[in-house]
A.B. asks: 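I'd like to ask you about the structure that follows.
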Amino acid sequence: MTKRMTIMLAVMAVLFGGLYGFQTFKDVMIRKAIGAMANPPQTVSTVVASTAPWRSTLSSVASLRAVNGADLALQASGIVQRIQFNSGDEVAEGQPLLQLVATDDAAKLQSLQATAENYAIVLKRDEEQIKFNAVSQATLDSDRASLKNARALVEQQKAIVEQKTLRAPFAGRLGIRAVDIGQFLSAGTTIVTLQSLDPIYVDFYLPQQALASINIGQDVTATVDAFPGERFMGRVSAINAKVDSGSRNIQVRATIANNPARLLPGMFAKAEIDTGKPEDIVTVPLTAIVNNAYGDLVYVVDHLHDGQGAARQMFVKTRPAKGDRIAVTDGIKSGESVVIAGQIKLRNGSPVRIDNSHVPLAEAAPTVADQ
């Protein structure tokens, strides 16, 4: 009985030992297979970091404003008799635009002019008669006062008649007409907008810390969504005399040539001012920068041979981007290969395969042609 028990235990031990060994062997083979497949080379695109002249900038959102702009209206009420412009016309300063009915006012002006002429005749006659003491000095003084009063009334009525005519206060482009012939206009009703478009102002705000870096005459670059890729050049023309006490920002105004008048008042824009002197700094395409909670980083390709290498993660310090490029002040050196596409698949030490067949051009100041 004891012998049978021993044999049975031995068989069971061999059976369980074989199962355990097979399971261990299987686990080892699975780990080897997974290890061989865990880190295959990842296809990425790279560029060589290079040194280029770089100038620091200040950026801000901005709004375009006309040098002269107004919604035109009359200070007198009346019925529209004549419209002398079309929507969108370019007009000269002083050009008549609209006439209200002024028949009664014109007739009253003629009456006052006739009265003034009569007083002038009386005064002239009395000036001759006083030489012979035919009239008194008091009569002559009264005649002169009456003439002055009559002439003042004439000028007052001329002003009333003139108020019935709308004239362009400055040269510019008209907007869309908002009134029609025969319409009754109350005083102050907007008739049309007039905007002087060349040059045009770009107004924006900068933090008060920027005051030491901005001066009248500095170059300003503006971009607008309406013309993507285009950059409009101008100069700082004014800096506000006070800092806003609420935001601690200072208002800055730049002037930009606008011929032909493509930029319009009220447009949203982005303004950029060059500050300081150009420096030679390592620059890379903006797509090379990876942002995470610990800071900005890039992937540098080491041990590059036959289009393959290993990715190395490097934290970097940067300056504000310009167009498609960004300056790196610390973290990479000129001549190093930097990954600009495919970083999402990488980690520190990942093997990589280089494919630069579809690398886009990265410019600090891209234009429409570049895109």
Side-chain angles (χ1 to χ4, degrees), residues 65-199 201 237-238 241 265:
R65 176 185 174 88
V67 173
N68 287 306
D71 292 335
L72 304 185
L74 288 169
Q75 63 185 94
S77 301
I79 296 176
V80 178
Q81 181 181 39
R82 185 166 58 253
I83 296 176
Q84 298 165 269
F85 69 91
N86 294 313
S87 299
D89 280 354
E90 297 284 344
V91 296
E93 181 179 354
Q95 180 176 329
L97 304 177
L98 180 141
Q99 176 68 53
L100 298 182
V101 174
T103 307
D104 291 345
D105 295 315
K108 187 175 180 180
L109 175 60
Q110 291 178 355
S111 174
L112 292 173
Q113 287 173 334
T115 301
E117 291 172 1
N118 181 60
Y119 279 126
I121 294 171
V122 171
L123 176 61
K124 184 177 180 180
R125 182 177 62 244
D126 288 347
E127 285 176 340
E128 293 296 328
Q129 291 181 345
I130 199 172
K131 297 177 183 179
F132 307 100
N133 295 321
V135 295
S136 66
Q137 183 64 42
T139 300
L140 188 62
D141 292 339
S142 178
D143 291 342
R144 286 173 177 167
S146 297
L147 178 59
K148 286 183 179 179
N149 182 64
R151 287 176 174 173
L153 291 174
V154 169
E155 294 302 319
Q156 181 185 37
Q157 191 62 25
K158 283 183 177 179
I160 293 174
V161 173
E162 185 64 26
Q163 289 174 7
K164 296 298 181 75
T165 301
L166 177 66
R167 299 181 183 274
F170 51 84
R173 180 191 292 178
L174 295 172
I176 296 176
R177 174 166 57 88
V179 299
D180 298 301
I181 293 177
Q183 179 178 344
F184 177 82
L185 296 184
S186 299
T189 301
T190 298
I191 296 170
V192 68
T193 186
L194 175 61
Q195 304 290 325
S196 178
L197 301 178
D198 185 27
Y201 289 145
S237 55

A.B. asks: Out of curiosity, Gln183 CD to Ile191 CD1, how far, rounded to the nearest 0.5 Å?
C.D. replies: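 Going from CD on Gln183 over to CD1 on Ile191, the span is 9.0 Å.
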
A.B. asks: Mind running side-chain contact (heavy atoms from CB on, under 4.5 Å) on Gln81 and Lys164 for me, showing each step along the way?
C.D. replies: CA-CA 10 Å; Gln81 181 181 39; Lys164 296 298 181 75; over 6 Å; no

A.B. asks: On a heavy-atom basis, which atom in Ser87 and which in Arg177 lie closest, and how many Å separate them?
C.D. replies: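 Taking every non-hydrogen atom into account, OG-N, 2.9 Å.
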
A.B. asks: At what distance, to the nearest 0.5 angstrom, does CG of Leu166 lie from CZ of Arg82?
C.D. replies: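 The distance works out to 12.5 Å.
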
A.B. asks: Please assess Leu97 against Val91 for the test side-chain contact (heavy atoms from CB on, under 4.5 Å), listing each intermediate value before the final yes or no.
C.D. replies: CA-CA 9 Å; Leu97 304 177; Val91 296; 4.0 Å; yes

A.B. asks: In chain order, what residues pass the side chain to side chain donor-acceptor pair (under 3.5 Å) check against Thr189, with sequence neighbours excluded?
C.D. replies: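 Thr189 satisfies side chain to side chain donor-acceptor pair (under 3.5 Å) with no other residue.
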
A.B. asks: What distance do Thr165 atom OG1 and Leu100 atom CG have between them, rounded to the nearest 0.5 Å?
C.D. replies: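 It is 7.5 Å, given to the nearest 0.5 Å.
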
A.B. asks: Out of curiosity, Ile83 CD1 to Ile181 CD1, how far, rounded to the nearest 0.5 Å?
C.D. replies: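 Going from CD1 on Ile83 over to CD1 on Ile181, the span is 5.0 Å.
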
A.B. asks: Show the nearest heavy-atom pair for residues Leu185 and Val179, with the distance to one decimal.
C.D. replies: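 Closest heavy-atom pair between Leu185 and Val179: CD2-CG1, 3.5 Å.
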
A.B. asks: How about Glu127 and Arg144: do any of their side-chain heavy atoms sit closer than 4.5 Å?
C.D. replies: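 In contact.
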
A.B. asks: Using a 6.0 Å cut-off, check whether atom CD of Gln75 has over 12 heavy atoms from anything other than its own residue.
C.D. replies: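 No.
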
A.B. asks: Of the non-hydrogen atoms in Ala66 and Tyr201, which two are nearest, and what is the gap between them?
C.D. replies: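 Closest approach of Ala66 to Tyr201, heavy atoms only: O-CD1, 3.9 Å.
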
A.B. asks: I need the minimum non-hydrogen distance between Gln195 and Pro265, along with the two atoms involved.
C.D. replies: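 Scanning both residues completely, I find the closest heavy atoms to be OE1-CG, 3.6 Å.
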
A.B. asks: Just verifying a value: how many Å separate Asp71 CG and Thr193 OG1, rounded to the nearest 0.5 Å?
C.D. replies: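 Answer for the CG-OG1 pair, Asp71 versus Thr193, is 4.5 Å.
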
A.B. asks: If you apply the rule side-chain contact (heavy atoms from CB on, under 4.5 Å), what do you find for Leu74 with Leu98, and how did you get there?
C.D. replies: CA-CA 9 Å; Leu74 288 169; Leu98 180 141; 3.8 Å; yes

A.B. asks: I need the minimum non-hydrogen distance between Phe170 and Ser196, along with the two atoms involved.
C.D. replies: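 Distance-wise, the nearest heavy atoms are CE1-N, 3.9 Å.
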
A.B. asks: Just list the side-chain donor-acceptor pairs under 3.5 Å for residues 145-157, sequence neighbours left out, or say none.
C.D. replies:
| unit_1 | atom_1 | unit_2 | atom_2 | d |
| --- | --- | --- | --- | --- |
| Ser146 | OG | Ser142 | O | 3.0 |
| Gln157 | NE2 | Asp105 | O | 3.0 |

A.B. asks: What's the spacing between Arg125 CZ and Leu140 CG if we round to 0.5 Å?
C.D. replies: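 Rounded to the nearest 0.5 Å, the CZ-CG separation comes to 12.0 Å.
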
A.B. asks: Would you say Asp104 has more than 12 foreign heavy atoms packed within less than 6.0 Å of its CG?
C.D. replies: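 Result for CG/Asp104: open.
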
A.B. asks: Considering all heavy atoms of both residues, which atom of Ser77 and which atom of Ala187 are nearest to each other, and what is their separation?
C.D. replies: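 That would be OG-N, 3.1 Å.
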
A.B. asks: Check step by step if side-chain contact (heavy atoms from CB on, under 4.5 Å) holds for Val192 and Ile176.
C.D. replies: CA-CA 6 Å; Val192 68; Ile176 296 176; over 6 Å; no

A.B. asks: For the backbone of Ala107 and the side chain of Ser111, can you confirm whether one donor and one acceptor N or O come within less than 3.5 Å of each other?
C.D. replies: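 Here the side-chain-to-backbone pair does not exist.
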
